[in-house]
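These numbers were taken from a predicted model, which means no experiment stands behind them.
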Amino acid sequence: MMLNPLPHQLYIAGRWCDARSGRVETVFNPATEAALADVAFGAMQDIDDAVVAAAAIQSEWGMSSGRERGAFLRAIADGVQQQQEQLAQLQTANNGKPLSEALIDVGDVVATFNYYAGLAEQLDDHQDQPVALPGAGFSATLRHEPCGIAALIVPWNFPMVTTAWKVAPALAAGCTVVLKPSEIAPLPELALAAIIAQAGLPAGVFNLVTGDAEAGAALVSHPAVRKVSFTGSTAVGQTVMKTAADDLKRISLELGGKSAALVFADADIELALEIVCGGIFFNAGQMCSATSRLLVERSVAQDFMARLKQRVESIKVGDPMDPATQMGPLSSRRQHQKVQQYIQQGVAAGLKLVTGGTQPPGMAKGYFVAPTIFADVPFDSPLWREEIFGPVLCINTFDSEQEAVAVANQSEYGLVATVLTSDPERASRVSAALEVGLVWVNSPQVIFPQASWGGMKKSSLGRELGPWGLQAFQEIKHVIVAASG
Ligand code: NAD
């Protein structure tokens with residue numbers, strides 16, 4: 001109902017408004033390169049308006065009960081559920097992911113809001129809990145309080161999902177928020193904002209400023225912001241961390257990855273092929289968790305590679321609105337150029353191109369890249385070390401479990417890993433040895449709101465989802481009382 005027409009403005013203090021400068025920028029459909037909408041782009045003054053609006057209601061919102069906040073979150077979940085088809089189509093139009101994947105994203109958003117509604121409802125019973133102390137004469141209680149105004153900055157690859165992972169726990173904790181979506185795919189967030197607006201939150205609790213790096217930087221440096229939750233590239237995450245240090249703002253960072261999938265000779269090979277393909281070609285490889293480094297045990301490598309090549313060449317790339325399509329375009333011209341540069345670099349360096357590397361045939365328009373595989377990629381190659389963020393898989397072989405783990409851990413990143421083996425003891429040993437935040441064993445990349453999201457090294461700081469996602473927006477306060485008399 002409200003998605004048509006979808007507002008393309010900023011949402012500040014409970015009202016839709018233009019950017020103060022009047023600036024608008026066009027966003028595109030990456031499958032057709034056609035213009036989709038002109039969206040208001042905010043900057044410093046708009047960010048300040050949004051933060052002032054959030055500040056005006058922070059105290060009241062922070063003192064509301066968890067049950068009240070939970071009710072709002074459930075209303076948002078219901079609103080998203082009711083509009084799932086339209087929201088999926090909007091994501092596909094703006095981001096280029098196949099409709100079937102966009103529907104999975106919408107389901108994830110609903111599950112996330114419902115999960116944090118449940119945690120919000122439990123907060124009231126956990127407030128002012130007694131703390132056991134060793135000595136007589138004192139009693140203590142523990143309070144969980146909201147951090148304050150939270151700046152939420154997200155990228156374009158899972159637009160509504162990364163947003164839900166921040167907005168839901170922030171509101172549950174009692175924080176007011178200013179959301180800054182990606183300049184490339186802001187339409188899903190505008191639709192989500194319209195749903196949030198209809199849920200009846202007090203004005204100023206949720207604010208949205210669309211825009212680019214300028215708006216993001218203004219938000220991170222705003223002195224009244226107490227918490228920054230950022231998802232994006234490692235380079236920008238490092239800048240965010242440095243800026244946040246000035247005010248010692250609390251920060252959570254979800255950044256890049258170069259994750260590994262390990263296929264052992266004892267794995268169910270058919271299952272492994274399916275999982276390896278999903279790990280790199282889902283969302284055209286634009287996943288922080290893409291398992292873009294594949295390690296296959298040498299004794300099965302030849303057979304595995306032949307079957308993988310066959311399977312990858314049968315992936316149907318095309319119009320993401322077509323239900324038969326398995327892989328859509330990259331989300332922007334910039335990303336298309338970046339991925340093509342990596343492929344050209346690999347070819348120029350004489351790397352073994354197994355398949356792909358070109359624009360798929362018959363695609364006159366759109367940012368398409370064929371699913372691409374390079375084999376025997378040297379460990380010092382940029383293609384092996386750097387996050388490409390596209391449908392490019394690099395493969396190597398190994399001879400022993402120790403070697404596989406050592407190579408997998410040889411990365412500045414440490415987000416996720418996939419282990420494919422039929423030996424449960426090996427699965428447990430390898431999972432323990434991998435320097436990552438999440439291991440999938442014989443499993444596709446399923447994510448549950450109850451389990452954490454995030455990793456080690458340069459991939460993350462903190463964790464999202466689960467109770468950890470809520471704690472990231474809370475401060476701890478103890479009250480110690482001396483017994484009288
Ligand atoms: P990006 O870092 O360029 O931009 C992310 C967001 O930050 C955008 O909204 C952008 O406008 C904003 N921004 C840019 N410069 C800023 C600045 N100086 N200060 C504040 N905000 C600024 O990333 P991207 O290209 O949009 O997204 C791709 C990256 O996101 C990849 O590296 C990917 O791995 C990462 N990512 C990580 C996760 C995770 O959970 N770890 C999830 C999704 C994407």
Any donor-acceptor pair under 3.5 Å from Asn29 side chain to Asn94 backbone: no
For the ring pair Phe398 and Phe264, is the centre-to-centre distance below 6.0 Å? yes
Per side chain to side chain contact (heavy atoms under 4.5 Å, CB included), Val39 is matched among Leu187, Thr26, Leu10, Leu6 by Leu187
Drop me the distance from Phe304's CZ to Ser299's OG, to the nearest 0.5 angstrom. 12.0 Å
Do other residues, nucleotides or ligands put more than 12 heavy atoms under 6.0 Å from the CD atom of Gln450? yes
Residue pair Glu270, Glu274: steps toward the side-chain contact (heavy atoms from CB on, under 4.5 Å) verdict: CA-CA 6 Å; Glu270 203 47 43; Glu274 190 182 322; over 6 Å; no
Once you round to the nearest 0.5 Å, how far does SG of Cys394 lie from CG of Leu383? 5.0 Å
Less than 4.0 angstrom from a charged side-chain N to a carboxylate O is my criterion; do Arg20 and Asp49 meet it? yes
How about Phe389 and Trp156: are their ring centroids closer than 6.0 Å? yes
Note: Arg226-Glu475 ion pair, threshold 4.0 Å (strictly below): no
For atom CD of Gln238, decide whether the heavy atoms of other residues, nucleotides or ligands shown that lie under 6.0 angstrom number more than 12. yes
Using a strict 4.0 Å threshold on nitrogen-to-oxygen distance, state whether Asp46 and Arg23 make a salt bridge. no
With a 4.0 Å cut-off, would you call Glu387 and Lys258 a salt bridge? no
Partner of Pro391 under side chain to side chain contact (heavy atoms under 4.5 Å, CB included), picked from Ile343, Thr372, Val369, is Val369
May I ask you to say whether Lys166 pairs ionically with Glu464, meaning some side-chain N is under 4.0 Å from a carboxylate O? yes
Whether over 12 other heavy atoms sit under 6.0 Å from Arg298 CZ: yes
